[in-house]
*Asks:* 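Quick one: structure below, then a few questions.
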There are 2 protein chains.
Amino acid sequence: MNKSKNDLLPGTLEMLILRVLSLQATHGYGIAQRIQQVSDDVLRVEEGSLYPALQRLLLKGWVKAEWKTSESNRRARFYSLTAAGKKQLGVEAESFQRMIEAIAKVMQTA
Amino acid sequence: MNKSKNDLLPGTLEMLILRVLSLQATHGYGIAQRIQQVSDDVLRVEEGSLYPALQRLLLKGWVKAEWKTSESNRRARFYSLTAAGKKQLGVEAESFQRMIEAIAKVMQTA
DNA sequence: CAACGATGCATAGAGTATCTATGCATTGAG
DNA sequence: CTCAATGCATAGATACTCTATGCATCGTTG
């Protein structure tokens, strides 16, 4: 019903996931938790967005996955960055930064 | 072919258009030019994105349009903000700012 | 021990927004 | 008279996210 408010800025999810994984390998549920917590609840990652995104990242070879047992003793898939993923994170972060600065210019200067 | 680089951050186009129009009523071509120039060529607005976006903004009642003659003596449709559009710009700008700050937290803190 | 909340994975379908490609028309400059 | 720049607009493809749904396990609590 309430379609007026997106949960996150489109096009940034993969970058956020890569960033979280660059600090610590963890499972999908953990990724969502961390993004939500660190952003003070501003960013919410829905499962229906998260898991497809992780599949895409796997396909592109930017993350790899391994089944393990989670802290709460459940089967969970732990994701971690590959070398290509690390590189990609750098590329995306830089490109994002440029975008933001350009948008800021328009919003202030234009 | 080159699909690796998006021209702008998805979800920000309407806000950028509203911002440009909040300073001066102008035609579609002029909007695209201004965004591109002010952003130092980082942001490029394709016509195939721009005109559909303007249609959406018209439908929502955030901008209104009027056929006039452009500076270069051509028929052109001049768009300007409505009161609702002004208000919407404020809403979107604020929401965008919150998003950016939240993303920055994740990218630095996470 | 049964019920329930939290943890955990994943897909299908819909909706939205953007891009590429295309078409058309006019003006002014060379 | 030809061409670049100016100007509007749509169709189709693509990409990304969301809602809704389904399943399963663990630990706690009544």
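Chain naming here is simple, since letters A, B, ... match the order of the sequence lines and numbering starts at 1 in each. Atom set for the values below is all heavy atoms of this structure, side chains included, hydrogens, waters and symmetry mates excluded. All figures in this text were calculated on a predicted structure; none of them were measured in a lab.
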*Asks:* Looking for any heavy atom pair under 4.0 Å, which part of the strands does A:Tyr79 touch: base, sugar-phosphate only, or nothing?
*Replies:* sugar-phosphate

*Asks:* Take the protein atom OH of B:Tyr29 and the nucleotide atom P of C:dA25, then report the distance between them rounded to whole Å.
*Replies:* 19 Å

*Asks:* Can you measure B:Leu9 atom CG to C:dT18 atom C1' for me and round it to whole angstrom units?
*Replies:* 12 Å

*Asks:* For B:Arg74, answer base if it contacts any base atom (sugar-phosphate contacts may also be present), sugar-phosphate if it contacts only those atoms, and nothing otherwise; contact means non-hydrogen atoms under 4.0 Å.
*Replies:* base

*Asks:* Closer than 4.0 angstrom, basic N to acidic O: yes or no for B:Lys60 and B:Glu14?
*Replies:* yes

*Asks:* I want to check something: taking the side chain as every heavy atom from C-beta on, are A:Leu81 and A:Gln88 in contact at a cut-off of under 4.5 Å?
*Replies:* no

*Asks:* Side-chain contact, heavy-atom cut-off 4.5 Å: A:Tyr29 with A:Leu50?
*Replies:* no

*Asks:* Nearest whole angstrom, please: distance from the P of C:dC9 to the CH2 of A:Trp67.
*Replies:* 6 Å

*Asks:* When all nucleic acid strands are considered with a 4.0 Å heavy-atom cut-off, which category describes A:Ser72: base, sugar-phosphate, or nothing?
*Replies:* sugar-phosphate

*Asks:* Look at the side chain of A:Gln55 and decide which nucleotide, out of D:dT17, D:dC8, C:dT11, has an atom nearest to it.
*Replies:* C:dT11

*Asks:* When you measure from the side chain of A:Arg56 to the backbone of A:Leu54, do you find a donor-acceptor pair of N or O atoms at a distance under 3.5 Å?
*Replies:* no

*Asks:* Report the distance from atom CG of B:Leu13 to atom P of D:dC16, rounded to the nearest whole Å.
*Replies:* 18 Å

*Asks:* Starting at CD of B:Gln36 and ending at C1' of D:dG7, how long is that distance when rounded to a whole Å?
*Replies:* 15 Å

*Asks:* Choosing from C:dG28, D:dC26, C:dC19, which nucleotide comes nearest the side chain of A:Asn73?
*Replies:* D:dC26

*Asks:* What does B:Gly11 touch in the nucleic acid at a heavy-atom separation under 4.0 angstrom: a base, only the sugar-phosphate, or nothing?
*Replies:* sugar-phosphate

*Asks:* If you look at every strand shown and take non-hydrogen atoms under 4.0 Å, does B:Gly48 touch a base, only sugar-phosphate, or nothing?
*Replies:* base

*Asks:* Categorize A:Glu47 for me: base, sugar-phosphate, or nothing, with a 4.0 angstrom heavy-atom threshold over every strand shown.
*Replies:* base

*Asks:* Taking the side chain of A:His27 as its heavy atoms from C-beta onward, which of C:dG28, C:dG8, D:dC8 lies nearest to it?
*Replies:* C:dG8

*Asks:* Closer to the 5' end of DNA chain D via nearest nucleotide, is it A:Glu14 or A:Glu46?
*Replies:* A:Glu14

*Asks:* If you count the non-hydrogen atoms of other residues, nucleotides and ligands that lie under 6.0 Å from CD in A:Glu94, is the total more than 12?
*Replies:* no

*Asks:* Does a nitrogen or oxygen in the side chain of A:Arg56 sit under 4.0 Å from OP1 or OP2 of D:dT17?
*Replies:* yes

*Asks:* Among the candidates D:dG7, C:dC19, C:dG8, find the nucleotide nearest to the side-chain atoms of B:Asp7.
*Replies:* C:dC19

*Asks:* Rounded to whole angstroms, how far apart are OH on A:Tyr51 and P on C:dT7?
*Replies:* 12 Å

*Asks:* With no hydrogens and no angle check, just 3.5 Å: does a side-chain donor-acceptor pair link A:His27 and A:Glu66?
*Replies:* no

*Asks:* Report which part of the nucleic acid B:Thr12 touches: base, sugar-phosphate, or nothing (heavy-atom distance under 4.0 Å, all strands).
*Replies:* sugar-phosphate

*Asks:* Taking CD from B:Gln33 and P from D:dC8, how many angstroms apart are they, rounded to a whole number?
*Replies:* 11 Å

*Asks:* What integer distance in Å separates B:Arg75:CZ from C:dC24:P?
*Replies:* 17 Å

